[in-house]
Amino acid sequence: MKSQFFKDVYEVVKLIPKGRVTSYGSIAKYLGTTKSARVVGWAMNNSHVLKGIPAHRVVNRIGLLTGKNHFSSPNKMEELLNNEGIKVKDDRIKNFKKLFWEPINELDL
DNA sequence: ACACTGACCACTG
DNA sequence: CCAGTGGCCAGTG
């Protein structure tokens, strides 16, 4: 497929440092527009067929694990995050603000 | 080719 | 503060 968006999304997601998280919207914003956030979600949906895509580090804007339902197991995402030292309480990332990794700031176009 | 859906976000009332 | 609506892109029936 010639979806540059997907490709870019994967690139950014793969660049997320261990122990950090980001949001669909931020990735979308980094790629040009916040309104394409839905496509980022789509990319994640397809990411499960690929490897090296830490989709568990990508959550929605408030740090809610909205996509955990799409993992192998609903608690897999939480476990992976815990494995990286990220605390998750009630499907929400604790200290999200601090762990937040914004591509625009970190990669700085 | 058309319509609907989806792991979202921001704006408006 | 909560609810509703629009916008974007790709995939599926």
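Every chain is numbered from 1 and lettered A, B, ... according to where its sequence line falls, protein lines coming before strand lines.
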State, with a plain yes or no, whether a side-chain heavy atom of A:R92 is found less than 4.5 Å away from one of A:L65. no

Output the rounded distance in Å from [atom1] ([X]) to [atom2] ([N]).
X: A:Y24; N: B:dA10; atom1: OH; atom2: C1'; value: 18 Å
X: A:Q4; N: C:dC8; atom1: CD; atom2: C1'; value: 16 Å
X: A:H48; N: C:dG11; atom1: NE2; atom2: P; value: 13 Å
X: A:K35; N: C:dC8; atom1: NZ; atom2: C1'; value: 8 Å
X: A:L31; N: B:dC9; atom1: CG; atom2: P; value: 14 Å
X: A:N69; N: B:dC8; atom1: CG; atom2: P; value: 11 Å
X: A:N46; N: C:dC9; atom1: CG; atom2: C1'; value: 12 Å
X: A:Y10; N: B:dA7; atom1: OH; atom2: C1'; value: 12 Å

Could you please name the partner base of C:dG11, counting Watson-Crick and G-U wobble pairs only when both distances are under 3.5 Å? B:dC4

Would you say the side chain of A:W42 and the base of C:dG11 hold a donor-acceptor pair, judged only by whether the two atoms sit under 3.5 Å apart? no

Just by distance, do the side chain of [X] and the backbone of [Y] share a donor-acceptor pair under 3.5 Å?
X: A:N82; Y: A:E78; answer: yes
X: A:R57; Y: A:I16; answer: yes
X: A:Y10; Y: A:A43; answer: yes
X: A:T22; Y: A:W101; answer: yes

Any idea which of [options] is nearest the [X] side chain?
X: A:R61; options: B:dA7, B:dC9, C:dA10; result: B:dC9
X: A:F6; options: B:dC8, C:dA10, B:dA10; result: C:dA10
X: A:S36; options: B:dA10, C:dC9, B:dA7; result: C:dC9
X: A:T34; options: C:dC8, B:dA7, B:dC9; result: B:dC9

Which part of the nucleic acid, if any, lies within contact of [X], taking any heavy atom under 4.0 Å across all strands shown: a base, the sugar-phosphate backbone alone, or nothing?
X: A:N60; result: sugar-phosphate
X: A:R38; result: base
X: A:A55; result: base

Using atom P of each nucleotide, how far apart are C:dT5 and B:dC4 to the nearest Å? 16 Å

Is the distance from OP1 or OP2 of C:dG7 to the nearest side-chain N or O of A:T33 less than 4.0 Å? no

